[in-house]
Number of protein chains: 2
Amino acid sequence: MATDSKLQQEIKKRTPFHSPEQEAYLNLMRTSDLLQNQMGRFFREYGLTASQYNVLRILRGEGQPLPSLEIAERMIQVVPAITGLIDRLEKQGLVERRRCENDRRVVFVEITPQAIKLLAKIDKPLEDMHKHMLGHLNRGELKQLSSLLEKARTLDGG
Amino acid sequence: MATDSKLQQEIKKRTPFHSPEQEAYLNLMRTSDLLQNQMGRFFREYGLTASQYNVLRILRGEGQPLPSLEIAERMIQVVPAITGLIDRLEKQGLVERRRCENDRRVVFVEITPQAIKLLAKIDKPLEDMHKHMLGHLNRGELKQLSSLLEKARTLDGG
DNA sequence: CGCATATACTTTACGCGTAAACTATCGCTG
DNA sequence: CAGCGATAGTTTACGCGTAAAGTATATGCG
């Protein structure tokens with residue numbers, strides 16, 4: 001590199017990156033962190049966290065109750081966190097737990113009408129939020145970014 | 001889109017994405033999450049977390065003690081978390097706190113020789129790790145990814 | 001000098017991520 | 001039907017992120 005990269009200046013890193021891999025990795029971390037923070041603030045206005053919103057979005061999209069683990073699988077994450085997540089949503093009256101009759105190990109989670117109404121209120125502002133965050137990239141750039149990110153995942157778990 | 005995107009399949013999303021912005025955003029979240037998990041497991045082998053490693057890396061790079069807030073500024077994050085982080089590093093004997101004489105509000109954080117040795121042990125494997133995670137993208141792709149991510153940040157806080 | 005404001009950090013309260021251990025239920029096998 | 005392993009979910013312990021409030025020290029201003 002002839003000049004310091006933008007990221008290098010941002011984090012006041014003195015030495016250049018060891019490799020383009022490292023630079024891409026750190027760029028990824030920093031960018032996702034910034035966007036996540038923005039999304040966090042956005043959802044807070046509705047009394048939700050990003051994770052909670054995700055659960056509700058999945059349930060609405062499915063159109064019927066889902067087992068806890070099924071939800072966990074679809075969220076980028078791991079099992080035990082889902083319990084607390086559902087706990088808090090239940091406390092807010094946004095979902096209900098229901099034991100499965102046939103297999104009493106399974107807990108179905110059902111979205112409530114109240115949550116449906118909340119999601120409806122969020123839909124449009126959320127779309128606007130996405131545009132606000134990434135709308136300065138044109139369609140081709142967005143496609144390319146998505147494509148590179150998908151490729152980045154192909155080895156390790158995607 | 002003619003066919004479902006890769007991400008859409010991964011998360012069993014039924015409806016297509018509302019916009020390329022949304023798709024890029026979700027791709028970003030998912031990718032960073034996967035890579036973060038891998039890095040977390042990597043650092044755990046050395047008794048560190050990614051955040052702890054970051055603090056140490058900054059201190060080593062600086063070559064001299066730094067005020068807590070200066071460290072916080074350089075980590076992608078916010079203030080109060082730094083206290084606990086330093087606490088835990090101090091407990092492990094990897095850093096030392098030292099009150100500034102001139103301005104007794106300031107706490108300088110100094111890296112210990114033990115931590116320097118630990119970092120030295122990590123350097124090479126970490127480089128390998130970056131290659132492992134992203135080495136299947138060629139140099140041009142990595143540059144482009146970095147560049148798109150930097151552009152993504154230009155509006156909102158970068 | 002004395003007090004208000006700012007600064008550097010810490011503390012507290014809370015949400016969520018990870019891993020590991022535990023509980024309850026199911027299904028299979030003898 | 002007794003027992004064993006698998007499966008669904010919860011609990012616990014810990015680290016770290018956020019926000020908001022609190023403490024200690026410094027600084028500027030009348």
Side-chain angles (χ1 to χ4, degrees), chain A residues 29-30 32-56 65-73 75-92 94-95 97-109 157, chain B residues 29-30 32-56 65-73 75-92 94-95 97-109 157:
Chain A
M29 293 304 108
R30 186 163 180 90
S32 70
D33 204 75
L34 284 171
L35 297 189
Q36 261 184 298
N37 286 350
Q38 287 190 255
M39 288 305 274
R41 282 192 287 277
F42 170 82
F43 283 121
R44 196 171 318 125
E45 292 175 33
Y46 299 91
L48 292 177
T49 65
S51 292
Q52 290 173 0
Y53 171 79
N54 250 311
V55 172
L56 298 179
L66 278 176
S68 302
L69 288 193
E70 184 59 33
I71 298 173
E73 250 175 57
M75 304 205 27
I76 297 145
Q77 304 124 223
V78 184
V79 188
I82 205 70
T83 298
L85 209 53
I86 306 273
D87 284 349
R88 282 179 286 274
L89 284 170
E90 197 171 23
K91 209 172 295 175
Q92 291 184 64
L94 298 173
V95 304
R97 274 188 171 94
R98 188 168 309 173
R99 280 269 165 209
C100 174
E101 300 297 327
N102 306 331
D103 185 342
R104 299 189 37 70
R105 290 170 306 181
V106 177
V107 173
F108 277 104
V109 181
Chain B
M29 294 304 108
R30 185 163 181 91
S32 71
D33 204 74
L34 284 171
L35 298 189
Q36 261 184 297
N37 287 351
Q38 289 190 251
M39 288 304 276
R41 283 191 288 275
F42 171 83
F43 284 122
R44 196 171 319 123
E45 291 175 34
Y46 299 92
L48 292 177
T49 65
S51 292
Q52 290 173 359
Y53 171 79
N54 250 312
V55 172
L56 297 179
L66 278 178
S68 302
L69 287 194
E70 183 59 33
I71 297 174
E73 250 174 58
M75 305 210 22
I76 298 145
Q77 306 124 223
V78 183
V79 187
I82 205 69
T83 299
L85 249 174
I86 306 269
D87 285 348
R88 283 179 286 274
L89 285 170
E90 197 171 24
K91 211 173 294 176
Q92 291 184 64
L94 298 173
V95 304
R97 274 189 171 93
R98 189 167 307 172
R99 280 269 164 207
C100 173
E101 300 298 326
N102 305 331
D103 185 341
R104 299 189 37 70
R105 292 169 307 180
V106 176
V107 173
F108 276 104
V109 182

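A note on names: the letters A, B, ... follow the listed sequences, proteins ahead of strands, and every chain is numbered from 1.
OP1 or OP2 of D/dG17 has not a single side-chain nitrogen or oxygen of A/N37 nearer than 4.0 Å. A sub-4.0 Å separation between OP1 or OP2 of C/dA24 and a side-chain N or O of A/R104 is absent. OP1 and OP2 of D/dG15 both lie 4.0 Å or more from every side-chain N or O belonging to B/T49. Proximity of B/S51 to the phosphate of D/dG15: no side-chain N or O atom is located under 4.0 Å from OP1 or OP2.
No contact: B/Q36 has no heavy atom under 4.0 Å from any strand.
For the atom pair A/D33 CG and B/Q36 CD, the distance stands at 7.5 Å (nearest 0.5 Å). Taking OH of A/Y53 as the start and CG of A/L89 as the end, the distance is 13.0 Å to the nearest 0.5 Å. If you take CG on B/L56 and OH on B/Y46, they are separated by 14.0 Å, rounding to the nearest 0.5 Å.
In this view, B/P67 and B/E70, B/V106, B/F108 satisfy the side chain to side chain contact (heavy atoms under 4.5 Å, CB included) rule, not counting sequence neighbours. Applying the salt bridge (charged side-chain N to carboxylate O under 4.0 Å, His left out) criterion to B/R105, with sequence neighbours excluded, gives B/D103. Taking B/R97 as the reference, B/T83, B/I86, B/D87, B/E90, B/V107 meet the side chain to side chain contact (heavy atoms under 4.5 Å, CB included) condition, with sequence neighbours excluded.
Computed from coordinates, the A/L48 CG to C/dC14 P distance equals 18 Å when rounded to whole Å. One atom, CZ of B/R44, and another, P of D/dC16, lie 11 Å apart when rounded to the nearest Å. Distance, B/N54 CG to D/dC16 C1': 13 Å, rounded to whole Å. Going from atom CD of A/E90 over to atom P of D/dT10 covers 9 Å, rounded to whole Å. Atom P of nucleotide D/dC16 and atom CD of B/Q92 are separated by 9 Å, given to the nearest angstrom. Computed from coordinates, the B/L85 CG to D/dC14 P distance equals 17 Å when rounded to whole Å. Here the P atom of nucleotide C/dA20 and the CZ atom of B/R41 are 11 Å apart, to the nearest Å. For A/R88 and C/dC14, the CZ to C1' distance is 8 Å, given to the nearest whole Å.
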Assign a letter to each nucleotide of nucleotides 5-10 of chain C from its 5' end: B, base within under 4.0 Å of a protein heavy atom; S, sugar-phosphate only; -, no contact.
-BBSSB

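Among residues at least two apart or in separate chains, there is no salt bridge (Lys or Arg N to Asp or Glu O under 4.0 Å) pair with a member in residues 38-49 of chain A.
Looking at heavy atoms from C-beta onward, B/N54 lies out of side-chain contact with B/L85 at the 4.5 angstrom threshold. B/M39 places none of its side-chain heavy atoms less than 4.5 Å from the side chain of A/M29.
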Expected rows: protein N/O vs nucleotides 21-23 of chain C N/O, under 3.5 Å:
none

